[in-house]
Amino acid sequence: MRELRAENLREAAAHFQLEGEPQAIDRNNQGHINDTEIITVSGCASKKRYVLQRINIDVFHRPEELMENVVGVTAFLRDRIREYGGDPARETLTVIPARDGRACYRDAEGNYWRAYDFIENTLCYDKPELPEQFGQSGELFGRFQNLLRDYPAETLYDTIPDFHNTAVRYRDFLAAVEQDPVGRAADVGEEIRFLTERFHYAEELQNTSMRRRVCHNDTKLSNVLFDKDSKKALCVIDLDTIMPGYVIMDFGDAIRFGASTAAEDEKDLDKVHFDKKLYDLFLAGFLKGCGDALTQEEIRMLPEGSKIITYEQALRFLGDYLLGDVYYKTDHATHNLERARTQIRLVGEMEQEFVHIFTIR
Ligand code: GN1
Ligand code: MG
């Protein structure tokens, strides 16, 4: 992706139906994929803010289809939220159309942009201040699943084909090991072995009878907005990967990220542990939020989903490291390797924990 200049941002901002003139545009550096800016406009009754994002088209090849998913799902959610007396302006994202009425704007350099209302008085966490907040995020993701249970999943575009197809991720990983284009494989033999020994995770969902539902596909805690005053989980954000998928993967992805005692890129592995108490808090919240949406098989498979997606994330991080860091944004040369190692550590600990659970029950 090309570097952005201030004039790109101003030009893009001018193409959206904003209430007022942009006064300031500030960079927001969260997220590994898109570029995010916060636009403050003045001119209307009070100051108002918007989120302006350049969609990463190296990752999302069909941004118009992606936005069609987002518009469809957020409109559906808005109706459901109204039905239970919630506030759709705060509990889901609101897409701001471009001046020509489309959901995204393509500039002369081929960049794709979209805008959302900024939801004020919120914050997001990599680590919650209180463990209960992680449980609440579980309830929010469960509710998200429940509210969307009747959305026709088959009408959604695959914004990234085979995104959580672990078998395909495994094949891609083996290809990266094989090609080893930047000569990194020799130094990570132990990690490669850990992952290849566990290829059964890659095959586990190949013949499942579980239903493909509307999934978020990126349920990490940092994709939840919390209300600053009540500190309650409020809104699920980052809807780029909404696609049909298995609910156990959405559950597991949240666990992978949030039930770890350390950051996803912690260098000191002694600090990285799978926290079963956090897992249980999330599980309780998630089941509550889902209501009666899940089948017995899905519920039974939730721990397995946690292992599979964490394993898959390890494949993805280590694969990207081997390919020379072509996908994830990185801050330093070993960043993806450190990320892969935390995931490997978590898979190992989840295996211990869940074997234990299954043997005592
Ligand atoms: C990416 O966009 P962001 O940072 O929320 C990635 C997820 C990974 C995550 C790991 C489109 O998410 O799949 O789980 O990094 N998103 C995409 O932190 O690849
Ligand atoms: Mg994302």
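Side chains included, hydrogens not; waters and symmetry mates left out as well; all remaining heavy atoms used. Just so you know, ligand 1 is whichever comes first in the structure, and atom 1 is the first atom listed for that ligand.
- Which parts of ligand 1 touch N223 is read off a 4.0 Å heavy-atom cut-off, strictly below it: atoms 5 (O).
- For the pair F257 and ligand 1, no heavy-atom separation below 4.0 Å is found.
- Among the atoms of Y328, none of the N or O lies under 3.5 angstrom from an N or O of ligand 1.
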Open item on the list: Using the rule given for side chain to side chain contact (heavy atoms under 4.5 Å, CB included), can you reason through R345 versus E266, listing the C-alpha separation, both sets of side-chain angles and the distance that settles it, and then say yes or no?
Closed with: CA-CA 11 Å; R345 162 60 64 103; E266 175 59 56; over 6 Å; no

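- In the vicinity of K220, heavy-atom distances shorter than 4.0 Å reach the ligand 1 atoms 3 (P), 4 (O), 5 (O), 9 (C), 10 (C), 12 (O), 15 (O), 18 (O).
- Within ligand 1, counting atoms from 1 as listed, the ones closer than 4.0 Å to a heavy atom of F60 are 11 (C).
- Shown in contact with D238 at under 4.0 Å from a heavy atom are these atoms of ligand 1, numbered in order with element: 2 (O), 5 (O).
- Backbone and side-chain nitrogen or oxygen atoms of E264 are examined, and one is located within less than 3.5 angstrom of a nitrogen or oxygen of ligand 1.
- Relative ring orientation between F76 and Y151 is described as perpendicular, the plane-to-plane angle rising above 60° on a 0-90° scale split at 30° and 60°.
- Looking at ligand 1, you won't find any N or O of T241 less than 3.5 Å from one of its N or O atoms.
- Of all the listed residues (D253, D218, T219, N56), D218 holds the heavy atom that lies closest to atom 5 (O) of ligand 1.
- Using a 4.0 Å cut-off between a side-chain N of Lys or Arg and a carboxylate O of Asp or Glu, D240 and R114 qualify as a salt bridge.
- Both the sub-6.0 Å distance and the 45° axial angle are not jointly satisfied by R213 relative to the ring of Y246.
- Aromatic ring pairs are classed by plane angle as parallel below 30°, tilted from 30° to 60° and perpendicular above 60°; the pair Y201 and Y311 is tilted.
- Residue contact check: Y327 has heavy atoms under 4.0 Å from atoms 11 (C), 17 (C), 19 (O) of ligand 1.
- The residue among I33, I309, I237, T159 with a heavy atom at the shortest distance from atom 1 (C) of ligand 1 is I33.
- Assignment of R256 to the shell around ligand 1 is supported, since a heavy atom sits closer than 4.0 Å.
- Both cation-pi conditions hold for K48 and Y50: the charged atom is under 6.0 angstrom from the six-membered ring centre and inside a 45 degree cone around its axis.
- When non-hydrogen atoms are compared, ligand 1 lies under 4.0 Å from neither the backbone nor the side chain of D240.
- Note on ring orientation: taking the six-membered ring where Trp is involved, the planes of H216 and F141 are perpendicular (angle over 60°, cut-offs 30° and 60°).
- Side-chain contact check for Y328 and R316: at least one donor-acceptor pair (N or O, by modelled atom type) lies under 3.5 Å.
- By the 30° and 60° cut-offs, the orientation of the rings of H332 relative to H335 is parallel.
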